[in-house]
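Nothing fancy with the numbering, it's 1 onward along the sequence. Small disclaimer: the values here were computed from a predicted structure and weren't measured. Order of listing sets the numbers, starting from 1, for every ligand and every atom in it. Atom set for the values below is all heavy atoms of this structure, side chains included, hydrogens, waters and symmetry mates excluded.
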Amino acid sequence: MTTQEFIGNPNFTIQSQTVSESCPSNIALIKYWGKYENQIPANPSISYTLNHCKTNTSMEFVAAEPFSVQTFLAGNVEVKFAEKIEKYFKNIEQYLPWILKGKYIIRTENTFPHSSGIASSASGFGAIAKCLMVLDEMFTGKTSEEGSLRKASFLARLGSGSACRSLYNGLVVWGETDEVENSSDLFAVPYPDHEIHDTFKSFNDWVLLIHEGQKSVSSTVGHGLMKTNPYAERRFQEARENFVPMKEILKSGNMDQFIKLVEHEALTLHAMMMMSDPAFILMRTGTLEVINKIWDFRKETGLSLFFTLDAGANVHLLFPNNGTEDKIKTFIEEELLQHTQKNGVVKDVMRF
Ligand code: PMV
């Protein structure tokens, strides 16, 4: 698969239009951390798409005006975001040749708290890419739905890597691996439904907001530091290798092995940060306290509560709906919530 497939149709007719799209966030189980030129991931990753954590975006395109972008986040002008989008649109012109031929007013809002530290770039760029593809279909004539979704994933990737996985529901893979048919570094593909045990299809993700606010190191900087990390190659190799047991686990429904692999991936991500030069730590005291309590709880009860982390201090609490969830929810409310900054928890489920 090459980028050739995504080169835009040079024959188009533009007109002023307003389109609206929404896109969910996602949480990776095998993590993407480290990339090459043009947003090519250093290793394949797999994520769950969330259900409630979403970005809703309306995009007003005013044809025949000089190119400019204005953005509003929850009604407030966002200059930094507009600059980012302007750069992004210039970057993807070869894939959408009409894109610089007008002015944009983009209004966007997240269904999760703005200051929560939940990454909005995945859902944000996912929603923008979807809006662009709706406009593209209007201006150039309809393409196939499948092709359009794939191109939206391709375009979202160029905005923020992990965003490309948010275009599909369920478990989604980005990055080429022999373990998943048709997987690609250029866009994400849904993980085949018949290869997923029912145990993994009804899952909760409660995000404990340990630290709200800006992260000290952005993921762009974090990815960059993998270039000089002496453990990077080993890490990329391990992530590739982890697809072999992951595939087996997803098929067999082995929860214990799933927990072990997912937690290992989360801790490896943060270990990479600690071994970067300069080193950085995004976990907070509360993150470690919660992890230890989860391990104690599992030892005592044998119930399937476990965690993953993204590039921040928040803890994603994962647990299946298998009849034990009430006990787990009570434990979270009584024991874990106290480690958050403001009693913050975002209760989500996986979107299948
Ligand atoms: O898409 P980015 O550049 O925000 O990177 C996301 C990296 C992680 O969230 C830490 C892992 C992942 O695969 O989503």
Would you say [X] and ligand 1 have an N/O pair spaced under 3.5 Å apart?
{"X": "Trp33", "result": "no"}
{"X": "Ser45", "result": "no"}
{"X": "Asn26", "result": "no"}

Show me which atoms of ligand 1 lie under 4.0 Å from any heavy atom of [X].
{"X": "Leu269", "result": "10 (C)"}
{"X": "Ala311", "result": "10 (C)"}
{"X": "Ala28", "result": "12 (C), 13 (O), 14 (O)"}

### Task
For the pair Phe203 and Phe352, evaluate ring-ring contact (aromatic ring centres under 6.0 Å, His included) and give the outcome as yes or no after the intermediate values.
CA-CA 10 Å; Phe203 239 84; Phe352 263 88; 9.3 Å; no
### Task
Kindly identify the option in His223, Met273, Arg165 whose heavy atom sits closest to atom 12 (C) of ligand 1.
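It is Arg165 that holds the nearest heavy atom.
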### Message
Angle between ring planes, Phe258 versus Phe200, binned at 30° and 60°: parallel, tilted or perpendicular?
### Response
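Phe258 vs Phe200 ring planes: tilted.
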### Query
Any idea how Phe67 and Phe89 line up, ring-wise: parallel (<30°), tilted (30 to 60°), or perpendicular (>60°)?
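Answer is tilted, since the angle falls between 30° and 60°.
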### Task
Return yes when Lys35 approaches ligand 1 closer than 4.0 angstrom through a heavy atom, no otherwise.
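Under 4.0 Å: no for Lys35.
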### Message
Once you restrict to heavy atoms under 4.0 Å, what part of Thr220 touches ligand 1? Side chain, backbone, both or neither.
### Response
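Near ligand 1, Thr220 shows nothing, with every heavy atom at 4.0 Å or more.
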### Query
Backbone, side chain, both or neither: what part of Ser162 comes under 4.0 angstrom of ligand 1, heavy atoms only?
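It is both parts that get close, each with some atom under 4.0 Å.
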### Message
The test is ring-ring contact (aromatic ring centres under 6.0 Å, His included); show your working for Trp206 and Phe319 and say whether it passes.
### Response
CA-CA 9 Å; Trp206 283 20; Phe319 53 102; 5.6 Å; yes
### Query
Centre of Phe154's six-membered ring, under 6.0 Å away, within 45 degrees of the axis: is that where NZ or CZ of Arg157 sits?
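Output yes; distance and angle both within limits.
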### Task
Start with the C-alpha distance between Phe6 and Tyr95, add both sets of side-chain angles, then the distance that settles ring-ring contact (aromatic ring centres under 6.0 Å, His included), and finish with yes or no.
CA-CA 6 Å; Phe6 301 104; Tyr95 307 115; 7.2 Å; no
### Gap between atom CD of Glu21 and atom OG1 of Thr108 - 0.5 Å precision
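Thr108 OG1 to Glu21 CD: 12.5 Å, rounded to 0.5 Å.
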